[in-house]
Amino acid sequence: MYCDLAALADSFCRVYGRDRNVILLRFRDLYRTPGFYGLAVWRNNFPVGAVVGNIEQTDEGEVYRISDFWVVPDERKRGYARQLLNELRSILTFRGVNGFYSAVTEEQAKILGEYLGFTENGTLKIMELR
């Protein structure tokens, strides 16, 4: 499986304005995580959007945890997010994955719900210890 992690980091940083080196290290760790799977939309030799994450085994079967899902601002409203999600679901459902989830902010939850059909499960809470 080929993955241009540097290009993905550049694309991610274009959206979120984060430190490229930190994101590149994060993507390298994610890439090495068991069950890693990701898809990207490329235009002019640059990934304009991507979804990355990994398949996890739960007591209810395999699920896919979306770690990051983005489309660069100047490429939005072209259906790339829906295309990425539909392709991901098609491929992974065929492989036996029976669910998809992501920990998101309120703003991200609104986008995922309104445009991509995600629903709140009402039970999952993200707890943080710093």
*Can any side-chain N or O of Tyr64 pair as donor or acceptor with the backbone N or O of Gly53 at less than 3.5 Å?*
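Yes: the side chain of Tyr64 pairs with the backbone of Gly53.
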
_Tell me the closest heavy-atom pair linking Arg43 and Tyr80, and the distance in Å._
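Distance-wise, the nearest heavy atoms are CD-OH, 3.0 Å.
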
*Could you tell me which residues satisfy side chain to side chain contact (heavy atoms under 4.5 Å, CB included) with Asn86, sequence neighbours excluded, listed by chain and number?*
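Residues passing side chain to side chain contact (heavy atoms under 4.5 Å, CB included) with Asn86: Arg82.
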
_Can you list everything that forms a side chain to side chain contact (heavy atoms under 4.5 Å, CB included) with Arg28? Sequence neighbours excluded, please._
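Scan of Arg28 (side chain to side chain contact (heavy atoms under 4.5 Å, CB included), adjacent residues dropped) gives Leu5, Leu24, Leu25, Arg32.
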
*Is there any salt bridge (charged side-chain N to carboxylate O under 4.0 Å, His left out) pair reaching into residues 45-59, and which pairs are they, with sequence neighbours excluded?*
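Every pair satisfying salt bridge (charged side-chain N to carboxylate O under 4.0 Å, His left out) with a residue in residues 45-59: Glu56-Arg65.
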
_Listed once per pair and sorted, the salt bridge (charged side-chain N to carboxylate O under 4.0 Å, His left out) pairs that draw on residues 46-55, sequence neighbours left out_ =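 Residue pairs passing salt bridge (charged side-chain N to carboxylate O under 4.0 Å, His left out), neighbours aside: none found.
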
*Quick check: are there more than 12 heavy atoms from other residues, nucleotides or ligands sitting under 6.0 Å from CD of Gln57?*
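Yes, the 6.0 Å shell around CD holds more than 12 heavy atoms from other groups.
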
*Are there more than 12 heavy atoms of other residues, nucleotides or ligands under 6.0 Å from atom CZ of Arg20?*
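Atom CZ in Arg20 is crowded, with more than 12 foreign heavy atoms closer than 6.0 Å.
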
*asked:* If I take atom CG from residue Leu39 and atom CZ from residue Phe69, how far apart are they, to the nearest 0.5 angstrom?
replied: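 It is 9.5 Å, given to the nearest 0.5 Å.
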
_Would you say Tyr16 ends up clustered with Phe46 if hydrophobic residues are merged whenever their side chains have heavy atoms under 4.5 Å apart, either directly or through other cluster members?_
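In one cluster: yes.
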
*With Asp19, which residues qualify under salt bridge (charged side-chain N to carboxylate O under 4.0 Å, His left out), at least two apart?*
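Testing Asp19 for salt bridge (charged side-chain N to carboxylate O under 4.0 Å, His left out), a comparison that skips the adjacent residues, returns none.
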
*For Arg18, enumerate each residue passing the salt bridge (charged side-chain N to carboxylate O under 4.0 Å, His left out) test, keeping only those at least two apart in sequence or located in another chain.*
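So Arg18 forms no salt bridge (charged side-chain N to carboxylate O under 4.0 Å, His left out) with any residue.
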
